[in-house]
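Both counts, for ligands and for their atoms, begin at 1 and track the order of listing. Note that the structure is predicted; figures quoted are calculated from it, not measured. Below, all heavy atoms of this structure are taken into account, side chains as well, without hydrogens, waters or symmetry copies.
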Amino acid sequence: MPQPPPARPGQREHEIDTPALLIDLDAFEHNLDTMAALMAETLAKLRPHAKTHKSPVVARQQMLRGAVGQCVQKVGEAEVLAWGGIADILVSNEVVGETKLARLAALQRIARVTVCVDDPRNVAPLESAAANADVRIPVLVEIDAGGARCGIEPGEPAAQLARSVAACEHLTFGGLQSYHGSAQHVRRSEDRAAAVASENAALRATLAALERAGLACTTVTGGGTGTFEHELAGGLFTEIQVGSYCFMDADYGRNLNARGVAVSPFRQSLFVLATVMSAAQPGVAVLDAGHKAVAIESGLPLLHERPRTRYVDASDEHGTLAWDEGEATPQLGEKIRLVPSHCDPTVDRHEWYVCVRGGRVEALWPVAARGAMF
Ligand SMILES: *Cc1c(COP(=O)(O)O)cnc(C)c1O
């Protein structure tokens, strides 16, 4: 059952019920503007990843600042964005199984929805889903350029797969995807640059193989918040798929820039607001936000602008605090902003964004594609 929103417009931040997912609108808009300005200096296009925000409202704000479309990971996310009026969507992922492929094909009636393929065995099912729906599906070949997640071997195997896509009556070969997921959170900038350099070498070999096969490659898409500057510098990518930049998280906050400092052009705009719900004994303070309210697989959350008080233990519905001597004791009923360690799964645990500016609730946005994992 849908849950009621934890706040209403006009309320003060301390009146918001908790645990609540907060967007600090000034920081969020700063991030969107900053990315738009960085992209305006390049020839590449911005196609932000909606697996982070799961919201047509956020997507439309990115589009208004020049994004050409959105990425999603799941067909269900593509449906929610298409219903929200986003006309150009890339499922930056493989879609396997008849049920999902039929939904992907049906969606072509309301939006242009591109999909990735990395296995010759998925081409025929994709073609028959498109034929059954009487649509054409644009398809990208995903290569594994070092990320060791999805993707076919670069070079000749990728070009052969592209050839089999291009030979299908209801599929259009559109280009390549390469996403180096494991490089995003590598701390040193030069190490991320090195990972992207080998990614670029794999892409060059694949582009040469496509040329030998006589196949045009109009799109090369990939990159994330940790590496996009390196992908842009290489000049091969026509599209950048950054997701986390709009919200950021504590784990991205630990990445170092080219000068070796943990400073980013993007600000933390996403928080989980929690309440001290138990302080029954001296030295004890427990928050009402455990790992059902904030993802912890990339580390425990931090307290916003309160480095000497730490979130030290999470259970389902509880978060235990500890603080240095001399620090203010967290008081029963006090509201505390947490910085999630990983933004995407944290968002997926909430139904509402509570958007705040200057200490006041300005709007409530639904996390419309929450739970869209099919
Ligand atoms: C998660 C993801 C992104 C976005 O990465 P961020 O690190 O959140 O910017 C882009 N492309 C693909 C394929 C992804 O899985």
Side-chain angles (χ1 to χ4, degrees), residues 28 31-32 34-36 38-39 44-55 58-59 62 67-78 81 89-95 113-118 139-152 174-187 189 192 195-196 199 202-203 219-232 237-255 264-270 295 297-299 340-348 369 372-373:
F28 168 74
N31 293 346
L32 299 196
T34 300
M35 184 59 84
L38 287 170
M39 293 304 297
K45 304 283 188 252
L46 177 62
R47 182 184 289 279
H49 213 301
K51 80 170 197 244
T52 305
H53 57 71
K54 293 175 161 278
S55 159
V58 173
Q62 292 170 322
V68 294
Q70 294 275 311
C71 294
V72 296
Q73 223 64 319
K74 302 288 183 163
V75 177
E77 293 172 335
L81 288 191
I89 300 165
L90 165 63
V91 183
S92 65
N93 204 359
E94 286 67 30
V95 175
V113 186
T114 305
V115 69
C116 291
V117 68
D118 70 353
V139 178
L140 304 181
V141 166
E142 180 170 24
I143 63 164
D144 173 14
R149 192 173 67 182
C150 299
I152 193 168
L176 300 174
Q177 167 166 295
S178 170
Y179 177 66
H180 205 316
S182 54
Q184 300 306 320
H185 295 268
V186 169
R187 295 304 173 218
S189 174
R192 294 195 297 276
V196 174
E199 179 183 34
L203 272 171
T219 298
V220 177
T221 183
T225 300
T227 62
F228 75 97
E229 283 160 303
H230 304 303
E231 269 110 0
L232 285 174
F237 283 81
T238 64
E239 279 185 6
I240 293 297
Q241 304 179 347
V242 282
S244 302
Y245 80 99
C246 64
F247 294 150
M248 296 302 281
D249 53 36
D251 200 36
Y252 260 130
R254 290 186 270 268
N255 270 13
S264 157
F266 307 108
R267 293 188 201 148
Q268 187 62 42
S269 72
L270 187 83
E297 93 290 345
S298 299
S341 59
H342 193 181
C343 52
D344 322 55
T346 298
V347 166
D348 198 50
M373 65 175 94

Give yes or no for whether the N/O distance cutoff of 3.5 Å, strictly under, is met between Ser244 and ligand 1. yes
Tell me: protein heavy atom nearest atom 15 (O) of ligand 1, and distance? Gln73 NE2, 2.7 Å
Ligand-side contact atoms (ligand 1) for residue partner Gly224, heavy atom cut-off under 4.0 Å: 5 (O), 9 (O)
Show which atoms of ligand 1 fall inside a sub-4.0 Å distance from at least one heavy-atom site of Thr225. 6 (P), 7 (O), 9 (O)
Asp251/Arg187 ion pair, N-O < 4.0 Å: yes
Any atoms of ligand 1 less than 4.0 Å from a non-hydrogen atom of Ser92? List them with their elements. 13 (C)
Do any nitrogen or oxygen atoms of His185 lie less than 3.5 angstrom from nitrogen or oxygen atoms of ligand 1? no
Validation row: Met35, Ile240 side chains within 4.5 angstrom (heavy atoms): no
Between Cys343 and Gln268, is any pair of side-chain heavy atoms under 4.5 Å apart? no
If we number the atoms of ligand 1 from 1 as shown, the ones under 4.0 Å from a heavy atom of Gly223 are 10 (C)
For atom 7 (O) of ligand 1, the closest protein heavy atom turns out to be Tyr252 OH, 2.6 Å
Does Tyr245 reach ligand 1 with a nitrogen or oxygen that is under 3.5 Å from one of the ligand's nitrogen or oxygen atoms? no
Protein heavy atom at shortest distance from atom 2 (C) of ligand 1: Lys51 NZ, 2.5 Å
Side chains of Lys74 and Lys51: closer than 4.5 Å at any heavy-atom pair? no
Nearest-neighbour protein heavy atom for atom 5 (O) of ligand 1, which is reported as residue plus atom name and distance: Tyr179 OH, 3.0 Å
Which one holds for His180 and ligand 1: side chain close, backbone close, both close, or neither close, with close meaning a heavy atom under 4.0 Å? neither
So the atoms of ligand 1 within less than 4.0 Å of a heavy atom of Val242 turn out to be 9 (O)
Per-atom contacts of ligand 1 with Gly243, taking only distances under 4.0 Å to non-hydrogen atoms: 4 (C), 6 (P), 8 (O), 9 (O)
Would you mind checking which non-hydrogen protein atom is closest to atom 11 (N) of ligand 1, with the distance to 0.1 Å? Gln241 OE1, 2.6 Å
